[in-house]
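Counting starts at 1 for both ligands and their atoms, in listed order. Every value quoted in this text rests on a predicted model; they were computed, and no experiment measured them.
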Amino acid sequence: MAPSVKTVELPLVEDTEEFGRKLGEVVRAGDLVLLAGPLGAGKTAFVRGLARGMGVRGRVSSPTFVVARVHEPEQEGGVRLVHVDAYRLGGHLDELDDLDLDTELVDAVVAVEWGEGVAERLNEDHLLIRLERGIDDVRTAQLVPHGEWADRTLPV
Ligand SMILES: Nc1ncnc2c1ncn2[C@@H]1O[C@H](COP(=O)(O)OP(=O)(O)OP(=O)(O)O)[C@@H](O)[C@H]1O
Ligand SMILES: [Mg+2]
C-alpha cells in the first residue's frame, strides 16, 4: 500500500519547532523518526521541538561530531530520546550498527537526521519527515508514514 503523504507549511523556525513539539506529545518508546532535507532545512530545529514535546533533558544541538546524543526524560516513566546525525557517517553503515540503535529502539524514541536511505532498516515502521526549502525560502515538511505509522494520528 502506498503511504499517504501529508504536507505541512512551516513559515517560521518556530513553526518547525512547534510541529516537532506536537509530534513529541504522541511518540512512544520504540518509535523511529527519520529526518531528510538539505543543510539548514530545519532538521535540528524539529528535533528541538520533539525533545520539548517529549519532556527530555538537555539542549538539542547538531550532534554532527558525536553522531548520537541521548536525552533522558525529565520525569520518571518518561521516554528517552536518542538524537542521531547520520551525515558524518558518510555511508559507513557499520558505524550506525555500532550505536546499537536496535537496542535503543526497545525503550527510546530514535530521531535520525540524514536518516533517509540509511536508517530505515532499524524499524520498518517509521515516520519519514522530509523538510524542504522551496523557492522564496518557503519551508514545508512532507510526512511519509511507513508501516504502522499509516494508522497513527499525526499532528498535521
Ligand atoms: N521555517 C523554518 N524552519 C526551520 N528552520 C528555519 C525556518 N526558517 C528559518 N530557519 C533557520 O534555518 C536554520 C535551520 O537549521 P537546522 O540546524 O535546524 O537545520 P538542519 O536541517 O539540522 O541542518 P544540518 O543539515 O546542518 O544538520 C536555523 O538557522 C533556523 O533559524
Ligand atoms: Mg542538523
Numbered in order shown, the ligand 1 atoms found under 4.0 Å of a heavy atom of Ala45 are 18 (O)

Of Ala41, Pro38, Gly40, Gly42, the one whose closest heavy atom lies nearest atom 13 (C) of ligand 1 is Gly40

Contact between [X] and ligand 1, counting heavy atoms under 4.0 Å?
X      : result
Trp114 : yes
Gly37  : no
Asp15  : no

Run the salt-bridge test on Arg21 and Glu18 with the 4.0 Å N-O cut-off and return the result as yes or no. yes

Taking Asp125 first and then Arg152, would you say they form a salt bridge - that is, a charged N and a carboxylate O separated by under 4.0 Å? no

Hey, can you tell me if His146 and His126 have their rings parallel, tilted or perpendicular (30° and 60° cut-offs)? parallel

Contact region, Arg139 to ligand 1, non-hydrogen atoms below 4.0 Å, reads side chain

Quick check: do Leu105 and Leu32 have side-chain heavy atoms less than 4.5 Å from each other? yes

If the cut-off is 2.8 Å, does any N/O/S atom of Glu113 fall short of it from the Mg ion (ligand 2)? yes

Report whether any nitrogen, oxygen or sulfur of Thr44 sits less than 2.8 Å from the Mg ion (ligand 2) (N, O or S, backbone or side chain). yes

Out of Glu113, His71, Arg69, which one pairs with His83 under the side chain to side chain donor-acceptor pair (under 3.5 Å) rule? Glu113

